[in-house]
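Please read the structure below before turning to the comments.
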Number of protein chains: 2
Amino acid sequence: MTKEPKDSANISPPRKSAGPKRTQAQRTEETTTALFEATMELMLSDGLSRLTTQAIAKKAGVSRGALTHHFQSREELIAEAIHHHLTALNEKLLAFAETMQRNETEVGAIADFLWKMMSGGVFYVTLEYLPEVRHNESLKARLVPVTKEFHNGLEAIWSHVAEKTSCDPKQASVILNMTMCLFRGMIAQTILRDDPDYYRDMLTQWKQILPVLLQREAGAPPSSSN
Amino acid sequence: MTKEPKDSANISPPRKSAGPKRTQAQRTEETTTALFEATMELMLSDGLSRLTTQAIAKKAGVSRGALTHHFQSREELIAEAIHHHLTALNEKLLAFAETMQRNETEVGAIADFLWKMMSGGVFYVTLEYLPEVRHNESLKARLVPVTKEFHNGLEAIWSHVAEKTSCDPKQASVILNMTMCLFRGMIAQTILRDDPDYYRDMLTQWKQILPVLLQREAGAPPSSSN
DNA sequence: ATTTCAAAACATTCATGTTTGTTTTGAAAT
DNA sequence: ATTTCAAAACAAACATGAATGTTTTGAAAT
């Protein structure tokens, strides 16, 4: 009797004191979202390969039994957690797109918003599950639709930009998608190259280049060179 | 895309009957490089998380005992395999840099070379071990120097470009590093967005933009906007 | 001969999924 | 209203399997 394995006692805010009377739907909702959030936080902090169900349960403040009750497998939990995460991100994106319509927003500010959004851990998380997607068709099938929604959200932003800059919409789309790809590549590089000045320079330079690219050749069709 | 029917045509048989007279050093060299290559090939095809020592040994055509004889742990083998891989990549890069000095090479061709190099599986492999680097300080410490060499190889190319375009060297460096980041982000995106036209458009557009960016404002200092 | 390299068998660890048991909710019946 | 019962939510322990590291045995080179 040296120690009683009373888990969930000292980890994060205890779930027990949430309220004595909770409806069933509330209970499931609370624990599943707690598991989702714990999953994504641990994915960011420790990595997908170190993401064990016990760690998730512990962080979420529930038992492993509860976890297995709500999710058939570790893989399913992770897939749904990512889905949940991406859905929330999409909403953030659409909210910004709506804000843009009301207020005047220049491209530099848009770049800043996207950079802040991506570099704040979001793309590190993406880098965790992207390799898994490459080798897991079912996960890929599950995430492709949400990803498409994300791209739609971006396109909504792009089209606003195209309107204001009198740039060919399709071309504007390409250029702004480049922005996203650039950011992805930059964030990926931060892992092996710790050099804040390097990234700051690149970001400021790109913000200067962007309006130039968007204004030039409003009518000139892209010559199909090779 | 990824075809290497070159040396790994036969998986298992060749080791024993390879040659009756091999010096000790040769034996170790052959098996270790066989293990390195098997490691990297499997990392690309199956992913780091599915990379087991038994699979590596099998693919390399040696026993697991041989593997553990030469490497203290799975982690060490993987670390050295990546190191080996990056060293080979650096040599390829430097060879290209030298070729550039002799022949006239325009930026479009440089972009094509880099894109081909990266998109031919190299960056997929990077995406496999990058998350691990994030959570494994010792691996990071081991790879940072080789990565730095890689950046040096790129800078060698960049400086040649700067000479020919009469562009501020530092600015040329930033723009060309953007190119690399752009490519990284594009390749990462291919995993969840299978849309060849999308990437082709982006690549051709960027090749058109590149000379414009490199020629403009040879002396204009970057104003601290925003 | 003795040192190095390679193969096979063994042991350990660890995370998952499974099973069994307990508590809480919700609703029908009295 | 209270009681009773069923189903869902939660908890804890067990068992399987896979992968790593270790030890033992055998072969090839100096």
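Protein chains get the first letters and strands the later ones, always in sequence-line order, with residue 1 at the start of each.
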A:Gln54 CD to D:dA13 P, straight-line distance once rounded to whole Å: 14 Å
query: Can you check whether A:His69 has a side-chain N or O nearer than 4.0 Å to OP1 or OP2 of D:dC10?
result: no
query: What nucleotide, of C:dA6, C:dT25, D:dT20, holds the atom closest to the side chain of A:Arg27?
result: C:dT25
task: Using atom CG of A:Leu51 as one end and atom P of C:dA15 as the other, report the distance to the nearest whole Å.
output: 11 Å
query: Between the side chain of B:Tyr199 and the main-chain N/O of B:Thr190, is any donor-acceptor distance below 3.5 Å?
result: yes
- request: Mind checking A:Ile56 for me? I need base, sugar-phosphate or nothing, with any heavy atom below 4.0 Å counting as a touch.
  value: nothing
query: Only one of A:Arg64, A:Lys58, A:Arg74 forms a side-chain hydrogen bond (donor to acceptor under 3.5 Å, both in side chains) with A:Thr53, so which one is it?
result: A:Arg64
message: Rounded to whole Å, how long is the line connecting atom CD1 of A:Ile78 with atom C1' of C:dT16?
response: 12 Å
task: With heavy atoms under 4.0 Å as the rule, sort A:Gln72 into base, sugar-phosphate or nothing.
output: nothing
field: Basic-acidic side-chain contact under 4.0 Å: A:Lys59, A:Glu37
entry: no
- prompt: Any idea how A:Phe36 and A:His84 line up, ring-wise: parallel (<30°), tilted (30 to 60°), or perpendicular (>60°)?
  reply: tilted
message: From CZ of A:Arg64 over to C1' of C:dT19, roughly how many Å is that when rounded to an integer?
response: 12 Å
- prompt: What integer distance in Å separates A:Phe71:CZ from D:dA9:P?
  reply: 11 Å
message: Using a 3.5 Å limit for the pairing distances, which stems of at least 3 consecutive Watson-Crick or G-U wobble pairs does DNA chain C take part in?
response: C:1-30 with D:1-30
field: Donor + acceptor pair across side chains of A:Asn136, A:Glu75 (<3.5 Å)
entry: yes
Sidechain-backbone polar pair: A:Arg134 side chain, B:Leu44 backbone, donor-acceptor under 3.5 Å: yes
- line: Walking DNA chain C from its 5' end, the first of A:Thr52 and A:Gly65 to be reached, judged by nearest nucleotide, is A:Thr52
- request: Look at the side chain of A:Ser73 and decide which nucleotide, out of D:dT20, D:dC10, C:dG17, has an atom nearest to it.
  value: C:dG17
- prompt: B:His70 NE2 to C:dA7 C1': how many Å, rounded?
  reply: 12 Å
- line: Side-chain contact check for B:Ala66: nearest option of D:dT20, C:dA7, C:dC5 is C:dA7
statement: Checking D:dG21, C:dA6, D:dA12 against the side chain of A:Ser63 (C-beta onward), the nearest is D:dA12
query: Using a cut-off of 4.0 Å on non-hydrogen atoms, how would the nucleic acid contact of A:Leu77 be classed: base, sugar-phosphate, or nothing?
result: nothing
- request: Give me the one residue out of B:Thr179, B:Leu114, B:Asn90 that meets side-chain contact (heavy atoms from CB on, under 4.5 Å) with B:Leu154.
  value: B:Leu114
- request: State whether B:Thr31 places a side-chain N or O below 4.0 Å from either non-bridging phosphate oxygen (OP1 or OP2) of C:dA6.
  value: yes
query: Taking the side chain of B:Val62 as heavy atoms from C-beta outward, which of C:dA7, D:dG21, C:dA6 is closest to it?
result: C:dA7
query: So what does B:Thr68 hit on the nucleic acid, given a heavy-atom distance under 4.0 Å: a base, only sugar-phosphate, or nothing?
result: base
- request: Sort out for me which residue in B:Arg184, B:Met186, B:Gln189 forms a side-chain contact (heavy atoms from CB on, under 4.5 Å) with A:Arg184.
  value: B:Gln189
message: Tell me the interatomic distance from B:Glu29, atom CD, to D:dA28, atom P, rounded to whole angstroms.
response: 21 Å
statement: Between CG of B:Leu42 and C1' of D:dA19 the distance, given in whole Å, is 15 Å
